[in-house]
Protein chains: 2
Amino acid sequence: MPYDPSAFPPFAVTVDLVVLTVRRHALCALAVRRGESPFQGRWALPGGFVRDDEDLAQAAARELAEETGLRAHDPATPAQDHGAHLEQLATYGDPKRDPRMRVVSVAHLALAPDLPAPRAGGDASNARWAPVEELLQQGGYGRDGEPTAPLAFDHALILSDGVERARSKIEYSSLATAFCPPEFTVGELRRVYEAVWGVALDPRNFHRKVTGTPGFLVPTGGTTTRQGGRPAQLFRAGGATLLNPPMLRPEV
Amino acid sequence: MPYDPSAFPPFAVTVDLVVLTVRRHALCALAVRRGESPFQGRWALPGGFVRDDEDLAQAAARELAEETGLRAHDPATPAQDHGAHLEQLATYGDPKRDPRMRVVSVAHLALAPDLPAPRAGGDASNARWAPVEELLQQGGYGRDGEPTAPLAFDHALILSDGVERARSKIEYSSLATAFCPPEFTVGELRRVYEAVWGVALDPRNFHRKVTGTPGFLVPTGGTTTRQGGRPAQLFRAGGATLLNPPMLRPEV
DNA sequence: AGTGTTTATCGTCAGGAAGACGACTATGAT
DNA sequence: ATCATAGTCGTCTTCCTGACGATAAACACT
């Protein structure tokens, strides 16, 4: 069946990735330095064109693997393998968001445990983990003293939406475990919540909450002292994906 | 700056709408009958191509106005005007979702009060409000006895996602008021929750909950007996958009 | 007028969950 | 040995919810 291609305007479709992790008690996002115009030399979210035979999720998983080496696991399967969590975030299609042409970007959100070093096509100097506050504040100065330019395109908006999604989603799901290695302690999980929310949580109430929620955590039998202090029990993520009742984010 | 159009595959981008309302104690969605191939004669979600100079939200608002006459109000503004709630839902881009060509559809979710009659380009016979269970069950029989064919394309999936979004979102937001006329009673609001969730709620506990949540409801001073029984106080939606603590959906 | 039905609204009570916080335990560092 | 650090177990109070009794104000009958 022939179809008149002039009946609709042609678009380019890309996927952009908000890849979040927790490093040194801070919520960090993966940023890559742009090598081409526009916004040459500026930081941006990783992403690329969707190929002709790809689903959107496939394209996002491919980009994630190219940038970080992480495999994405299906959101439907429990977090057994060591892949990152990947889900669609939102789609951005302002006619002027890319000065070259009409581009619609389907942003995805990925959550990963703390990783060795990022790589952008093998070039580590063009990719980095940066605290999200540093990437989102405009015209300030980063940790290294160099002035922070705003992210390219509308990527500050996309990053902001992704961070907000992650902040709200760890309230009522077990997604915070996606930031942890396969085995982790209650304290490490608590520090994830504290980093993502930017608040301090009571260790005792947190311990009661997470260990008392059926299916959230499964003890592996081992212990560790890698955080110092008394040895802590090791857990892995249980099968439960929804937290009911949810973890409450403190106000103010 | 010239850009090589052959460097990326061209896509068509559409918006599809999940327009929900509550009619006769049932959650209903707007469906339109397809006049062209493919899926000619089958029911589908309303939608259309995004124009060259339009934002995605603008395109969704335009389609909503064309199909229902409803104006969409900005999600940021409080629900003062009589427009419908409109928000982006998700994006669907399977390479085979449209047999003709590569189409990426940015689905939007709209919530509207019970409306007179739908119109699809002025032709009422090609548009209808149908209970969502009727549209989602495949191979059954609708209320009118005619066999229900599955929705065109992947629209059953989109509708299912939209319904799930609405069901979860009225838990923790004041969005249920978008299903109500500008002035409504506590009982009418309760019947919205009951229809969307498909459960029965205790009128006394519901009344205590909604009237006790600051900013949720604002009394207008009037009363009505349009539901029969003792006259009920009339309210309009307050400025609060988030419900904290949330309205709890009964289990099982 | 009285009675029943319907819906709205207020009140009471028990159980569960969360915040605040005391107490104790088990490791490494000095 | 002492201290600092982190983990784990309890207790108490407060708030919220679910279950449900009771009253109020309309309408439809008889």
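Keep in mind that what you see is a predicted model, and the values were worked out from it rather than measured. Numbers restart at 1 for each chain; the letters A, B, ... are given by sequence-line order, proteins then strands.
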B/Pro231 has a side chain; which of D/dA26, C/dT27, C/dA8 sits nearest to it?
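That would be D/dA26.
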Given atom [atom1] of [X] and atom [atom2] of [N], what is their separation to the nearest angstrom?
{"X": "A/Leu248", "N": "D/dT14", "atom1": "CG", "atom2": "P", "value": "19 Å"}
{"X": "B/Asn205", "N": "D/dG21", "atom1": "CG", "atom2": "C1'", "value": "12 Å"}
{"X": "B/Arg204", "N": "D/dG18", "atom1": "CZ", "atom2": "P", "value": "13 Å"}
{"X": "B/Gln233", "N": "C/dC10", "atom1": "CD", "atom2": "C1'", "value": "13 Å"}
{"X": "A/Arg249", "N": "C/dA18", "atom1": "CZ", "atom2": "P", "value": "16 Å"}
{"X": "A/Glu194", "N": "D/dA6", "atom1": "CD", "atom2": "P", "value": "11 Å"}

Phosphate OP1/OP2 of [N]: any [X] side-chain N/O under 4.0 Å:
{"X": "A/Arg208", "N": "D/dG7", "answer": "no"}
{"X": "A/Arg190", "N": "D/dG7", "answer": "yes"}
{"X": "A/His207", "N": "D/dT8", "answer": "yes"}
{"X": "B/Lys209", "N": "D/dT17", "answer": "yes"}

Axial cation check for B/Trp43 ring with B/Arg128, 6.0 Å and 45° limits
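Flagged: B/Arg128 positioned over aromatic ring of B/Trp43.
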State whether the distance check finds a donor on one side and an acceptor on the other, under 3.5 Å, for side chain B/Arg230 versus base C/dA8.
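Looking at the base of C/dA8, it does pair with a donor or acceptor on the side chain of B/Arg230 (distance under 3.5 Å).
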Is B/Arg226 touching bases, backbone alone, or none of the nucleic acid, heavy atoms closer than 4.0 Å?
nothing
Pick the closest DNA chain D nucleotide for A/Gly229 and for A/Pro203 by heavy atoms, then say which residue is nearer the 5' end.
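The residue closer to the strand's 5' end, by nearest nucleotide, is A/Gly229.
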A/Tyr92-A/Asp16 side chain donor-acceptor pair, cut-off 3.5 Å:
no
